[in-house]
Amino acid sequence: MSIKKIRTRFAPSPTGPLHMGGVRTALFCYLFAKKHGGDFLLRIEDTDQSRYVPGAEEYIVAALNWCGIQIDEGVSVGGKFEPYRQSERKEQGIYLKYAKEMIASGHAYYAFDTADELEDMRNRLIAAGNVAPQYNHETRKTMSNSLTLSAKEVDDKFAAGVPYVIRLKVPSGEEITFTDLIRGEVTVNSSLVDDKVLLKSDGMPTYHLAHIVDDVLMEISHAIRGEEWLPSAPAHILIYRFLGWEASMPQYAHLPLLLKPDGNGKLSKRDGDRLGFPVFPLDWQDPNTGEKSSGYRERGYYPEAFVNMLAFLGWNPGTEQELFTMEELIQHFSFEHVHKAGARFDPEKAKWFNEQYLRKQTAEALANGLQSVVKSKFNLGNDDIKISSDYLVKAVTLLKDRVQFESELIEKGSYLFQAPDVYDEQVLAKKWKPELASFFNALIENLSSLQVFNSVAVDATIKSTAATSGIKPGEIMQLLRVFVSGQGAGVDLIGMLELFGKNEVIDRLNKALKKVN
RNA sequence: GGCCCGUUCGUCUAGGGGUCUAGGACAUCUCCCUUUCACGGAGGAAACACGGGUUCGAUUCCCGUACGGGCUACCA
């Protein structure tokens, strides 16, 4: 027998924007598949019509694209197991067929209970002291289903068009064991598993049936999903068994969950709003409520940084390397290095990753990207020296190691593109003395007579002017900074002056002096 | 409540019987660099949840407890 081709799938339901935890699941699926030369598929599990959100599927595809997670097969790219949307597969009767097969073999049954009847059953059990009421091997005996009703009664219900579901007939008292790639052997007694609904009354399959049928039909080798599925995995094992598919059952891997940065519980959209970080890869606006959620992309994160950061939530390479390209992640990924416990998300570390990727950019590349933004933001003309690549490259060089996001280049460096109107009051209050005016006037004069206006000359001029005026450089350096930039702290002073050039420096000094006098 | 999974610095984690004086990164603190603030450099503080076993020896294996997380729907 030949070795089964590695095929993984990411199978989200289109109920809204893709959470970063979902992106991480997709990433791990992708990394594992690629590491082994396999395929990564995207399947849409839209079996809950009440929760369907238009645009969500497009969002998912766009998010994976942005991250550089390439879909080999599935929604948006097609493939030989089409369709890849479960609602469309349902139309073809795929799930019904297998549900009926299980009924025929005695492993599933029809249930006619109404919502009220189910509610009554639960209340009854709770009243009797059962804290976890379930529709299971015990309670099904008291309910309205093809196990308790006569064949005629069942036929009558069908004839009358009474709605029904198909439930899994879970045996009692059996130890169900399976091997999880991350957790090892997991065993659960089948008496604890409820008779899960396989097919809903609207004809749609539930996740339990649908993912199994599709995983087998699509020849999935590894089912990688969140830890929230671990408790229902035994039921899934049973379904494989009842369908005679144990041999083609994929290997399961249950990933640890992403936890809130603070407090208890898993990471949620609310945490992002509350703590001010994105929880989604891209911006999203809910078509029904109009509610907006912000994304990493729009917040200025590089997709490479986002992916790198996500990979380290629950996985590690076993070495001290932290910066990984997608190619390197693929090369090094393995389930042995996936941690078992949930990972608390740290927004600060996320920023750090972005900073690292920003550092890797050349000043030229950053300057290039900045040109049009600077032009429009500061209202500059086409021939303004400040949008020349020479000026921009120097400005970026001054700024680059001080920021974490490209947008900060402009926010934190605005004074490089525009003379200040306001000057740091605190510095002025502390350092400015009217008698310093003569020094600055002398400085302006000396600077204007410079033939070559570079950092060496400017530095020397400042020092010599100070010396002649009998002033210590410490008294005027920060003032000088405030006069030209408005701020008490910022990029290298002399480098900034050289960047500005003689005329700009003198203009700014004159403007500032007029203001403080 | 029941069931399942988990538990190494504040956080992400390495290490899986002796090499652990428990390593790295983020955050934090100190110093250096810088007449600024960052960056960078050096250094510091900071963890094996607890209790029992097993063993010559346990952070590492087993059990229990505590704590955390998840599940407990005709949602995924």
Side-chain angles (χ1 to χ4, degrees), chain A residues 11-15 22 45-48 50-51 111 113-115 118 122 126 129-135 163-167 180 182-184 186-189 191-194 196-208 210-211 225-234 254 256-257 259-262 264-266 309 312-323 337 339-353 355-356 359 399-404 412 424 427 462-463 472-478 480-482 485 487-494:
Chain A
S13 61
T15 54
E45 309 216 324
D46 54 347
T47 54
D48 184 353
S50 67
R51 293 207 305 156
D113 316 278
T114 63
L118 290 171
R122 290 191 185 106
I126 289 169
N130 184 336
V131 286
Q134 282 189 322
Y135 202 120
Y164 65 87
V165 300
I166 295 178
R167 281 182 183 271
D180 182 275
I182 295 168
R183 282 147 222 287
V186 178
T187 302
V188 178
N189 191 290
S191 296
L192 270 5
V193 178
D194 65 334
K196 295 201 181 307
V197 170
L198 299 174
L199 208 77
K200 301 186 256 189
S201 56
D202 64 0
M204 280 285 187
T206 58
Y207 171 81
H208 306 293
H211 94 273
R225 55 178 17 174
E227 194 187 355
E228 70 268 27
W229 290 110
L230 202 48
S232 48
H254 290 92
L257 265 20
L259 273 22
K260 293 180 193 302
D262 62 348
N264 303 139
K266 59 177 178 178
M309 176 274 289
F312 270 71
L313 254 21
W315 173 84
N316 74 82
T319 66
E320 283 172 7
Q321 183 183 345
E322 288 203 273
L323 266 18
H337 279 113
H339 206 242
K340 291 184 178 77
R344 206 177 270 279
F345 172 64
D346 179 6
E348 287 308 312
K349 188 90 187 230
K351 289 184 198 163
W352 177 82
F353 273 107
E355 180 184 323
Q356 298 308 308
R359 296 280 175 78
L399 250 13
K400 192 183 164 202
D401 285 349
R402 330 171 58 84
V403 301
Q404 296 182 301
K412 292 196 171 176
D424 189 314
V427 176
I462 294 170
K463 286 189 175 136
K472 283 191 223 125
E475 294 180 62
I476 48 84
M477 292 304 265
Q478 199 182 14
L480 180 54
R481 170 185 295 286
V482 170
S485 75
Q487 303 186 5
V491 303
D492 176 58
L493 213 205
I494 306 297

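Proteins come first, then strands; the chains are lettered A, B, ... in the order of their sequence lines, and each starts at number 1.
Proximity of A:R122 to the phosphate of B:rU72: no side-chain N or O atom is located under 4.0 Å from OP1 or OP2. Taking only side-chain nitrogens and oxygens, A:N316 never comes nearer than 4.0 Å to OP1 or OP2 of B:rC12. Between A:T47 and B:rA76 there is a side-chain polar atom (N or O) within less than 4.0 angstrom of OP1 or OP2. Residue A:K266 places at least one side-chain N or O closer than 4.0 Å to OP1 or OP2 of B:rC71. Taking only side-chain nitrogens and oxygens, A:R359 never comes nearer than 4.0 Å to OP1 or OP2 of B:rC39. Contact check, A:K200 against B:rA76: a side-chain N or O comes under 4.0 Å of OP1 or OP2. At B:rC12, none of the side-chain N or O atoms of A:H337 fall inside 4.0 Å of OP1 or OP2 (strictly under the cut-off). Contact annotation: A:H339 side-chain N/O to B:rA14 OP1/OP2 distance is under 4.0 Å.
Mapped onto RNA chain B by nearest heavy atom, A:H208 and A:K349 fall at different nucleotides, with A:K349 at the one closer to the 5' end. Each of A:R183 and A:S201 has a nearest nucleotide on RNA chain B; the 5'-most of these lies closest to A:R183.
Comparing the C1' positions of B:rG10 and B:rA45 gives a spacing of 12 Å, expressed to the nearest Å. Taking atom C1' on both nucleotides, B:rG43 is separated from B:rU65 by 41 Å, rounded to a whole Å. On the P atoms, B:rU55 is 36 Å away from B:rC12, given to the nearest whole Å. For B:rA14 and B:rA25, the P atoms lie 15 Å apart once the distance is rounded to whole Å. Nucleotides B:rC3 and B:rU59, compared at atom P, are 30 Å apart to the nearest Å. Using atom P as the reference point in both B:rC9 and B:rC5, the two lie 22 Å apart (nearest Å). Remark: the separation of the C1' atoms in B:rC67 and B:rU21 is 30 Å, to the nearest Å. Comparing the P positions of B:rU11 and B:rC48 gives an interatomic distance of 12 Å, to the nearest angstrom.
One can place CD of A:E320 at 14 Å from C1' of B:rC12, the figure rounded to the nearest angstrom. Straight-line distance from the CG atom of A:L118 to the P atom of B:rC75: 11 Å, rounded to whole Å. Summarising the geometry, the separation between CZ on A:R344 and P on B:rG70 is reported as 11 Å, rounded to the nearest angstrom. The separation between A:L230 atom CG and B:rA76 atom P is 19 Å, rounded to whole Å. Straight-line distance from the CG atom of A:D194 to the P atom of B:rA73: 7 Å, rounded to whole Å. Taking atom CD on A:Q134 and atom P on B:rA73, their separation rounds to 7 Å, with Å as the unit. Between A:E228 atom CD and B:rU72 atom C1' there is a gap of 14 Å when expressed in whole angstrom units. Atom CG of A:D113 and atom P of B:rC74 are 10 Å apart (whole Å).
Closest approach to the A:D401 side chain among B:rC39, B:rC75, B:rC5 is made by B:rC39 (side chain taken as heavy atoms from C-beta onward). Comparing B:rC3, B:rG1, B:rC74 against the side chain of A:L192 picks out B:rC3 as the nearest. Nearest nucleotide to the side chain of A:D48, out of B:rA76, B:rG6, B:rG68: B:rA76. Side chain of A:A343, nearest nucleotide from B:rG69, B:rG6, B:rU13: B:rU13. In the set B:rG6, B:rC5, B:rU11, B:rC5 carries the atom at the smallest distance from any side-chain atom of A:E227. Among the nucleotides B:rC4, B:rC26, B:rA76, the one closest to the side chain of A:S13 is B:rA76. Between B:rC26, B:rG69, B:rG6, one nucleotide has an atom nearer to the side chain of A:L257 than all others, and that is B:rG69. Among B:rG2, B:rC74, B:rA76, the nucleotide with an atom closest to any side-chain atom of A:V131 is B:rG2.
Judged purely by atom type and a 3.5 angstrom limit, A:T206 uses its side chain to pair as donor or acceptor with the backbone of A:V197.
Taking the charged nitrogens against the carboxylate oxygens, A:D194 and A:K196 do have a contact shorter than 4.0 Å, which makes a salt bridge. Using a 4.0 Å cut-off between charged side-chain N and carboxylate O, A:E355 and A:R359 make a salt bridge. A salt bridge links A:K351 and A:E348; the closest N-O separation between the charged side-chain nitrogens and carboxylate oxygens is under 4.0 Å. Residues A:K340 and A:E227 are not paired through a salt bridge, judged by the lack of any N-O separation under 4.0 Å between the basic side chain and the carboxylate. A salt bridge between A:R51 and A:D48 is present, with a side-chain N of the basic residue lying under 4.0 Å from a carboxylate O of the acidic one.
Between A:P317 and A:H337 there is no side-chain heavy-atom pair separated by less than 4.5 Å.
For the residue pair A:R225 / A:H254, a side-chain donor-acceptor distance below 3.5 Å is found, with atom types taken as modelled.
A 3.5 Å limit on both hydrogen-bonding distances identifies B:rG53 as the Watson-Crick or G-U partner of B:rC61. The pairing partner recorded for B:rC67 is B:rG6, the criterion being a Watson-Crick or G-U wobble arrangement whose two distances lie under 3.5 angstrom. B:rA22 makes up no base pair with any nucleotide shown, lacking Watson-Crick or G-U wobble contacts both under 3.5 Å.
At the heavy-atom level, A:A341 lies under 4.0 Å from the strands shown only through sugar-phosphate atoms. A:V165 comes within 4.0 angstrom of a nucleotide base, judged by non-hydrogen atoms across all strands. Residue contacts shown for A:N264 are limited to sugar-phosphate atoms, with no base heavy atom under 4.0 Å away.
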